[in-house]
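To keep things clear, I will list the structure first and then write my remarks on it.
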Amino acid sequence: MSRFAKRFTGFSGTASLMEDLGDALNKNPELLFMGGGNPAKIEVAERCFAKHLQAIAQDEHVFHKLVGEYQPPQGDPAFLNLLAEFLATQYDWPVTAENIAISNGGQSAFFSLFNMLAGDDDNAQHKKILLPMVPDYLGYADTGLNANMFKAYRPKINQLDDTFFKYTIDFDALEVDENIAAVCLSRPTNPSGNIVTDEEIIALKKRCAEYGVPLILDLAYGKPFPDVTFVDHNLLWDENTILIFSLSKLGLPGVRTGIVVADKDTIKRFSRATASLSLAPSNLGPALAKSLIRSGDLLPLMEHTIKPFYESQLQQTLSYLLQGIEGLQLKNSPLKIHKPEGAFFLWLWLQDLPITSQALYERLKEKGLLVLSGHHFFQPLDDPQWVHQHQCLRVNFCQPMDKIKQGIDLLLEETAALYQ
């Protein structure tokens, strides 16, 4: 096999996650699926999407533009202009259509950006993408053409009370130097639901500016949409910042639409990469988003339907989990919860876990519950002695509450058995 085949056709955390997701949603729907990042089925939102799709299908000209024409590699110009106006209005950013490009999903956007910025340059220098704090999105480490493209740091673990903790960036350890091509993090963080504070973002921007490297913010679950966030924070952009968001977590993962906001030169180069890799981005997501924005439906849908739905799911899932922990009557309960500030997940830390999180994942899977072992999210951290990375689970709370209750009960039952 080629090096490319060896790099991308073997086992990876991303492949494992998506195989589990596909099995749960298509082959074994009886599984209690609390592992992947698939958004919830929100009927009000889906009816809204259907209304707009029907209107598109009934307009002969608009429908032809949707299915019968390639768009430029940067994306539909009308959508780019509309989105630039939307972002300038919402956040007072000095953006134009030249600062925005469309991709076939967020993952493909990261593939292009990471490999544009990092790797071997003409001077035989190997540049890396810096993840200033892991755990973070497992899909990053699987995008590099070179496996040695990423560098990561441990977080500080701040115990907030007997149950909740929060990760913060360890700026004392963090180093940004001439070997770094870009700094990247997700906000809210996938998997922990952590929203890195404005102060931390500003400090990272300062470090990046010193070495002339961009800060990449993955906003898949955050602002501007779907804005599944539960604490106040600001979304900061300048021309040394690259933002990536998508339509997936809004409830449209099937349309595969990613959005990149960056300086004009980066957008130009990114669009040329899109032309080489896939000719053009999809038309469906931009057509649907354009209709949602123009109609005025997008912001009310997020504010009054999508965000309240996930906040309700979170509170009910937390209630089940906290009641269950109390019912276990374990002295100094080993199960800790990262403060949930956004996204679709609870991040659980099982202190002094007598087996690895991967082994616990396998045991739960055999009993019909799919969660996700936390160790995937700590790559590419080169720190085999740090046991914390093998003591965590990510639990999705997008399913109906009766299913979530069954899953939490099973998880706690298995956990209690391990500590007895």
Side-chain angles (χ1 to χ4, degrees), residues 4 8 14 70-88 91 93-122 127-131 137 139-146 149-150 180-187 205 208 212-220 222 224-225 235-248 255-287 289-290:
F4 182 93
F8 291 104
T14 307
Y70 289 114
Q71 293 294 343
Q74 189 178 337
D76 173 11
F79 176 58
L80 297 176
N81 281 305
L82 182 66
L83 185 57
E85 182 181 337
F86 175 86
L87 294 173
Y91 301 107
W93 295 343
V95 294
T96 70
E98 294 179 275
N99 294 109
I100 306 172
I102 308 305
S103 67
N104 291 309
Q107 188 74 3
S108 66
F110 284 111
F111 179 86
S112 292
L113 280 170
F114 286 163
N115 290 291
M116 281 167 52
L117 295 166
D120 296 327
D121 64 18
D122 288 340
K127 296 291 189 73
K128 295 188 177 186
I129 303 294
L130 174 64
L131 308 181
Y137 175 48
Y140 298 150
D142 295 329
T143 60
L145 289 171
N146 185 305
M149 192 182 278
F150 297 87
I180 299 302
V183 177
C184 178
L185 59 86
S186 58
R187 191 183 192 230
K205 283 177 175 288
C208 289
V213 300
L215 173 63
I216 303 173
L217 296 179
D218 175 359
L219 306 171
F225 40 77
L235 183 53
L236 308 171
W237 181 79
D238 56 40
E239 290 209 344
N240 200 45
T241 303
I242 300 173
L243 307 181
I244 302 178
F245 47 98
S246 79
L247 301 183
S248 292
V255 305
R256 307 310 305 131
T257 301
I259 299 166
V260 181
V261 180
D263 65 277
K264 295 175 183 179
D265 183 64
T266 296
I267 292 299
K268 185 181 294 184
R269 294 174 184 277
F270 179 88
S271 301
R272 289 171 180 167
T274 297
S276 297
L277 293 170
S278 56
L279 296 183
S282 170
N283 292 348
L284 178 56
K290 189 163 53 179

Should [X] and [Y] count as side-chain neighbours, where that means a heavy-atom distance under 4.5 Å?
X	Y	result
Ile244	Ile216	yes
Leu277	Ser108	no
Arg256	Ser248	yes
Ser282	Val255	no
Leu185	Tyr137	no
Ser246	Thr257	no
Asn115	Met149	yes
Cys208	Asn240	yes

Nearest 0.5 Å please: distance from the [atom1] atom of [X] over to the [atom2] atom of [Y].
X	Y	atom1	atom2	answer
Thr274	Arg269	OG1	CZ	14.0 Å
Lys205	Trp237	NZ	CH2	9.0 Å
Leu117	Phe270	CG	CZ	11.0 Å
Arg272	Lys268	CZ	NZ	6.0 Å
Leu83	Ile100	CG	CD1	4.0 Å
Leu80	Gln71	CG	CD	9.0 Å

Salt-bridged, Lys127 to Asp120, with N to O below 4.0 Å?
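A salt bridge is absent here (no side-chain N lies under 4.0 Å from a carboxylate O).
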Salt bridge Asp76-Lys290, side-chain N to carboxylate O under 4.0 Å
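Looking at Asp76 and Lys290, the cut-off is met.
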Where do [X] and [Y] come nearest, in terms of heavy atoms and distance?
X	Y	result
Ala101	Ile267	N-CD1, 3.8 Å
Ala181	Pro214	O-CD, 3.3 Å
Ala109	Val260	CB-CG2, 4.0 Å

Backbone N or O of Thr96 within a donor-acceptor pair of the Asn99 side chain at under 3.5 Å?
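Here the side-chain-to-backbone pair exists.
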When you look at Phe150 and Cys184, which way does the side chain to side chain contact (heavy atoms under 4.5 Å, CB included) test go after all the steps?
CA-CA 10 Å; Phe150 297 87; Cys184 178; over 6 Å; no
Who are the side-chain contact (heavy atoms from CB on, under 4.5 Å) partners of Asn81, not counting sequence neighbours?
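Ala97.
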Aromatic plane relationship, Phe225 with Phe245 - under 30° parallel, 30 to 60° tilted, over 60° perpendicular:
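The arrangement is perpendicular - the two ring planes meet at more than 60°.
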Using the side chain to side chain contact (heavy atoms under 4.5 Å, CB included) definition, which of the options Leu215, Leu217, Leu113, Asp218 pairs with Ile242?
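Per the side chain to side chain contact (heavy atoms under 4.5 Å, CB included) rule, the option paired with Ile242 is Leu113, out of Leu215, Leu217, Leu113, Asp218.
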Whether the Tyr140 and Gln107 side chains hold a donor-acceptor pair (N or O, under 3.5 Å, no angle test) is what I'd like checked.
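Result is no, nothing qualifies.
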Starting from the C-alpha separation in whole Å, work towards a yes-or-no answer on side chain to side chain contact (heavy atoms under 4.5 Å, CB included) for Ile259 and Ile102.
CA-CA 5 Å; Ile259 299 166; Ile102 308 305; 4.0 Å; yes
